[in-house]
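Reading through the structure tokens given below for one structure.
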Amino acid sequence: MNPSAFIPTPDTIPAPWWVFEVLGVVTFLVHILFINVVFGGAILIIYSRVQNDHEANGTSILTSAISSKLPSIFALTVTFGVAPLLFLQVNYGHLFYSSSILLSWWWFIIIPFVILAYYGLYVHVKQAENRIKLSRAAIILAAELFLYIGFLWVNNNTLMIRPEHWQPIFEQRSWIPLHFGEPTLIPRWLHFICASIAIAGLFTSIVWNIRTGKAVEGAEHHIRTGLKIFAWSTIVQILAGFWWLIALPRPIMMQFMSHDILRTALLTLGILLAVSLLIQAFKGKLTGTIIHLAVIMVIMVTMRALLRASYLADYMRYSDLELNPQYDVLALFLIVFAAGLGAVWYMVKAVRNTETGRVEG
Amino acid sequence: MNYPVWELFGLGGGTLIALVSVLHVYISHLAVGGGIFIWLTDRKALKENDSDLNDFLRRYNWVFLLVTMVLGGMTGVGIWWTISMVNPAGTSALIHNFVFGWAIEWVFFLGEIVALLVYHYYFDKLSRKTRLNIAFLYAFFAWMSLFIINGILSFMLTPGRWIETGNFWHGFLNPTYFSSLFFRTFITLMCAGIFAFLVGSYQKEEQVRTKVVRIGVQWLIIAMIGIVLTGAWYYFSVPEGIRNTTFSLNPQAGPFVTLIFVVTPLVLLLGLTFILKGSTSTKRFFAWLILIAGFVWMGSFEYIREIARKPYVIYGYMYSNGILVDEVDELNRTGFLMNSHWTRVRNVTYDRYAEAGEELFRLQCHACHTIGGRNDILTRTEIFPYRGLVAQLTGQGRTIPYMPPFAGTFMERDALATYIQSGLKGEEVVYGLPPADIIPVECEVPDYDASDGGYVLLVWNDLGMHCISDSDPYFVILPPANTLEAQLIRRGQTPQFVTEGVTLTYRVDEQYLDPASHVPFWEYEHENFGVELERNTGLTGAGLEGEFEAVEGKNSFQAHLIPVAPYPEDGGFNPYPQFTVEARNSETGEVLAWTRVIAPTSTEMGCLNCHGGEWRFEDKPGVGGETAQNILAAHDRINGTTLLDEALEGHPRLCQSCHADPALGAAGDPNVLNMSAAMHGWHANYIEVNTEEACQLCHPASPDGYTQCLRGIHNTMAVTCVDCHGTLAEHALSLLAHEQEKQASPILAEHLTVTNNRFNKDTISPRMPWLNEPDCLTCHREFERPPMMVSSANVWTSSPDQLYRMRTDSAGVRCEACHGPTHALYPAINIYSDDLDNMQPLQYQGEHFPIGSNYNCTVCHTMRPASSFHHPNTLRRFRNIDD
């Protein structure tokens, strides 16, 4: 049967489609950064424990700087995950709900898993000194759960843009309705995992960099270690990226390799900047690395959105989404958003005014 | 329809949503109320320089953060997650209408999270003033997120003008927005009070403990007063129709309504115990208890609110199964599966009935019903035979407002019924009752020699068929009560009625003399009719043999309410017991004339076609106990009565004790529909058949049934019930129109339609059952042959004396005397013996045509008259011979 027959009729949208694309991309950028720090941070913590790189009380030297921050960062991860999820549903709800339902319990279980992982992060921090085993188990559990959640997100993100894969899953009614038929599934997942380790590495460098000012012993070493982790993970990530690229359906792959100017330009620029980024990182230049990364991440999330559009070219035209405008409410949102950011700024300033600069969990 | 269905088997999507959402709603209300609590308590601590409170707040906000930010926040995302999988169409509609509302809420959520993190992690580092500002910001953001989400939540129940305009603000600031906002605000304060008890009772220092729980008590009292007041406001701001459905009709809401009335004072009482002195462990115990009570309260409230919305996900716009109200007509026309995206079957064919039915079940029913679990379809349909399921699917969403209508073609409806019956219940799909096994009876026409005969005795049953509901242990609609009428005519040049000096007697055949051993009427007549009767004696004192009484002014005699039953002693079933009637000279006892007549009477009530159960006997009709119980259970469920329990305790009821009925002379309850209006009005919604098949489902007229009560010339000429009475829906509408002042009338009439092209719903003529009936002369104008394709529906006799069974001709001869009773007009054909109904025409004129027709004037007239004195068009060859 024609895969299009399965695609539900979309509802009207209250503003032009690109409004939701932009809002989605911007908020997703923040979300992915935060989750990279949390998930990658958890992996680094586990790794450093395995390496016995810890002080007598069981706290890793390298990662002690970040472990107490993870629960709070995770709170923000979830908050910044809600927004892109909301905006995603406006343009793609009809696809996203369909693929979510096909994934059934495997998808639903994310919610209890997130709650568990969240509490795991707290247990890890709170029991780090008294009940080391429990603390370790908690962080391992959290990391495993994040791994699963990431895998399911990759499943859903790929399934929702491949209506041609829906019918077999729908008709087989398998107990494991995952998107294993998708060639990009594993490289996408790997791409996320490597990015998380890299960003978490970079994050430790940043935290230790802040500490440098306070003359904490060994800070310089840790900054370099963090950057090394970042650089090596990035190399693996680039390889995963190439795997992802060649796993794409050929017409789409070719769009990124000359057939489409914008996509090709972005990919080329991304690769060139990545090389430059690696040089900065291996040289131990933190600021340069951060600046490069910021640009690359914008390119990557934009490419991600473009890639989705390429996949869906046969199934939906954005211009076909019927518009039923609510510009007054959109304006109100933007005003509230600005005011909200103002309030957040006030609170951040209040924190800075305490001049301790130290967050404890 | 638009989306695939997440099959949750026994659990059901509703349960999953309930599990996630009740937890979230409890915590999220705490998040709002707790925010206000923190802010005000911190303010108090600062103002009074109270270090105890300061210390308490430090500990409180850590627990608060763990509960609200992690569990509360994540279950909030969880609700979204769940509803998008369980009800994607509804979620999509909400998202696409309120995305910016949610986006605004997200800003507040972000502010909440940042404020709470800063407040907690910098509790001791911030200046007191800044910390208080942060606390205020948290409380503000938290309440604002309620302010926003309340708009979307209340919208789902009362979308107000949005339905017409689609405008965001019309939906957001809907009719229950403000009442719900204030109600929920007080709920948040209740939650804060409860949480204060919990955290407070775990404080180590006695003075802190006491201080905190006292604050908790103050909060709880204010909250509960507010909850009661704003709750009443909220309740009355909900449209009356929704309130009725929720609080009286929908049985699912009942236990939770009770629960909330019990738990509300309980929460307050448990809270007040904290004023009393008590050990720490007691306080902790009570704190947990009130926490649980609060949870139950919250769960009950949210559940009732959800139930109130049934059968919609957005009231009046989208049903719970994602089907839009506006698209149902189109789906009924073009087919549901044809318009569905996620189905394995699109075209329903007979060989794929069960398969198509399964798809329909998944797409339309599974949103609320599971197989073997919550709201189990198996138990809900347990009693129904196939025909009952079809009826249920036809009627749902009409008279019972908490279920959506079935959307799809008749074939799809039948396919779904087939799937439920055979695929789920594993029962055979039988399209009706098995054909009756008719055992013919003897019919002996009395001898008559016109040359000797000075008298003609004409006897008939008034209705042509009298039904008995032999369900006496449970309910009674009609008792055994047949009426025979007679006219005695002295032959002559000008024949004369004889009404004096004669005695007319009747006697049923031997086999039918003891009905009491076959029907339970005489065991329950006291309960059902409030009288004590002798065995085999009817309600007027008439027995199976007796005398007629003269009817004044009618030139006729009547034997009123003879309690004959269709069960002969030899064990068979014969709905046409025969009587011998004799006219004697009162003084001499000389037999002047005698004849034979049947008293048609049947217990073949088709209730079991839909209500399930079996016949009362293995091999013959009679209303079975299981059927009767199912009927009472349905009546009780829908009307809030307790008839089944009463019957099981030995106190059955006469239906007409509430439902007025001229047939029994019952006044009934003036607020309740009369018997016929209730029966036809209700069932017409469940039987969407516009032919006589609809009538045959209940009345004993089925062409392969035990009675086949339509046996007159009309039946032979293929004139059906519908030609005279209208379709079931039209018939019901006319009865309901008479009762339009009563509450139930417009509800039952709403979905019924008129298909006759001579009249419409607005021009339907009201009629009183039994008294306003089809008029023969509507079709037979001037007693002539009617034109083709004629119908007498919606033209009723204006008064009782205009009824066919009451009317006379110009000479005073009753119509039924010559033409036979209603539904068995001469020449009739009876399934039990061809001429069972025609005994008198055959006796007096050797032909089965109406008495005197076909130039048989000499039955009464010794000399043939020259004109049609009785009524026009009599002096002619009987018309249907020519046809």
Side-chain angles (χ1 to χ4, degrees), chain A residues 5-15 20 23 72 75-76 78-79 81-83 85-87 89-90 93-94 96-98 100-102 104 107-108 110-111 114-115 118-119 122 170-171 324 326 328-330 332-333 336-337 339-340 343-344 346-348 350-351 353-354 356 359-361, chain B residues 1-8 16 20 66 69-71 73-78 80-82 84-85 88-89 91-93 95-104 106-111 113-118 121-122 125-127 130-131 133-134 137 141 166-169 341-342 344:
Chain A
F6 284 96
I7 300 176
T9 316
D11 286 323
T12 60
I13 53 174
F20 302 104
L23 289 171
S72 297
L76 294 169
V78 171
T79 309
V82 167
L85 179 62
L86 172 67
F87 298 125
Q89 292 176 67
V90 181
H94 56 302
F96 179 66
Y97 299 150
S98 301
S100 301
I101 293 167
L102 287 179
S104 73
W107 178 246
F108 176 81
I110 286 180
I111 293 299
V114 169
I115 295 173
Y118 208 152
Y119 280 123
Y122 274 115
F170 172 59
E171 289 186 349
N324 184 12
Q326 297 176 353
D328 51 344
V329 199
L330 170 60
L332 182 66
F333 160 64
V336 171
F337 191 33
V344 170
Y346 163 79
M347 290 188 276
V348 171
V351 167
N353 286 345
T354 61
T356 60
V359 183
E360 287 180 352
Chain B
M1 190 176 86
N2 223 351
Y3 290 92
V5 173
W6 183 21
E7 288 175 76
L8 285 159
L16 196 63
V20 182
L66 279 184
M69 198 174 79
V70 182
L71 199 55
M74 284 319 304
T75 46
V77 181
W80 216 3
W81 215 264
T82 320
S84 71
M85 293 179 75
T91 310
S92 178
I95 291 282
H96 287 85
N97 277 289
F98 293 106
V99 59
F100 293 127
W102 257 307
I104 292 169
W106 172 74
V107 176
F108 295 133
F109 179 52
L110 174 65
I113 297 294
V114 175
L116 189 57
L117 288 173
V118 170
Y121 286 107
Y122 296 89
K125 292 172 196 150
L126 293 166
S127 73
T130 311
R131 195 179 86 191
N133 285 346
I134 305 270
L137 275 179
F141 285 137
N167 182 296
F168 176 93
W169 297 108
H341 291 275
W342 293 84
R344 297 168 185 84

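Residue numbers begin at 1 in each chain, while the letters A, B, ... track the order of the sequences.
- In terms of heavy-atom pairs under 4.5 Å with chain B, the best-connected choice from A:A343, A:A339, A:P10, A:A5 is A:A5.
- Interatomic distance, A:F170 CZ to A:I101 CD1, rounded to the nearest 0.5 Å: 11.0 Å.
- Interface summary for chain A: among B:G111, B:G76, B:A93, B:S84, the most heavy-atom pairs under 4.5 angstrom belong to B:S84.
- Note that CG of B:L8 and CE of B:M85 are 8.0 Å apart. Values are rounded to the nearest 0.5 Å.
- The closest side-chain heavy-atom distance from A:P14 to A:V329 is not below 4.5 Å.
- Of the listed residues A:L86, A:V344, A:V336, A:L102, the one with more heavy-atom pairs under 4.5 angstrom with chain B than any other is A:L86.
- Both the backbone and the side chain of B:L71 come within contact range of chain A, judged by heavy atoms closer than 4.5 Å.
- Heavy-atom distances place the side chain of B:I134, and not its backbone, under 4.5 Å from chain A.
- By the side-chain hydrogen bond (donor to acceptor under 3.5 Å, both in side chains) test, A:Q89 pairs with A:Y97, sequence neighbours left out.
- Ring geometry for B:F141 against B:F108 counts as tilted: the plane angle lies between 30° and 60°, on a 0 to 90° scale.
- Nearest approach of A:Q326 to B:N97, heavy atoms of both residues: NE2-O, 2.9 Å.
- Of all the listed residues (B:T82, B:L66, B:L137, B:N167), the one sharing the greatest number of non-hydrogen pairs under 4.5 Å with chain A is B:L66.
- With a threshold of 4.5 angstrom between heavy atoms, A:T9 approaches chain B through its backbone and through its side chain.
- In terms of non-hydrogen atom pairs under 4.5 Å with chain B, the most contact-rich of A:S100, A:G340, A:S98, A:G93 is A:S98.
- Interface remark: A:F337 contributes backbone and side-chain atoms alike to the contact with chain B (heavy atom separation under 4.5 Å).
- In terms of heavy atoms, A:T79 sits closest to B:W106 at O-NE1, 2.6 Å.
- Each of A:V114, A:L332, A:V90 has some count of heavy-atom pairs under 4.5 Å with chain B, and the biggest count is that of A:V90.
- Taking the side-chain hydrogen bond (donor to acceptor under 3.5 Å, both in side chains) definition, one finds that B:Y3 meets it with nothing, sequence neighbours left out.
- Interface remark: B:S127 contributes no atoms to any contact with chain A (heavy atom separation under 4.5 Å).
- Atom CZ in A:F87 sits 4.5 Å away from atom CG in A:L23 (nearest 0.5 Å).
- By the 30° and 60° cut-offs, the orientation of the rings of A:Y122 relative to A:Y118 is parallel.
- Using a 4.5 Å cut-off between heavy atoms, B:W102 contacts chain A through both its backbone and its side chain.
- Chain A forms more heavy-atom pairs under 4.5 Å with one residue of B:G166, B:G73, B:P4 than with any other, namely B:P4.
- Neither the backbone nor the side chain of A:F96 comes within contact range of chain B; no heavy atom of the residue lies under 4.5 Å from a heavy atom of that chain.
- Contact annotation for B:L126: both backbone and side-chain heavy atoms come within less than 4.5 Å of a heavy atom of chain A.
- In this structure, B:T130 and B:Y122 have side chains that are not in contact, with every pair of non-hydrogen atoms separated by 4.5 Å or more.
- Atom CZ of residue B:F168 and atom CZ of residue B:F100 lie 9.5 Å apart, to the nearest 0.5 angstrom.
- Atoms CG and CE, from B:L117 and B:M69 in turn, are 4.5 Å apart once rounded to the nearest 0.5 Å.
- When heavy atoms are compared at a cutoff of 4.5 Å, B:V5 approaches chain A solely by way of its backbone atoms N, CA, C and O.
- Here B:L110 is the residue among B:V118, B:L110, B:T75 with the most heavy-atom pairs under 4.5 Å with chain A.
- Note on B:H96, B:R131, B:M74, B:E7: by heavy-atom pairs under 4.5 Å with chain A, the leading option is B:H96.
- Counting heavy-atom pairs under 4.5 Å between each of A:N324, A:T12, A:V348, A:I13 and chain B puts A:T12 at the top.
- Of the two parts of A:V78, only the side chain, counted from C-beta on, holds a non-hydrogen atom closer than 4.5 Å to a non-hydrogen atom of chain B.
- Ranked by heavy-atom pairs under 4.5 Å with chain A, the list B:V107, B:V99, B:N2 is led by B:N2.
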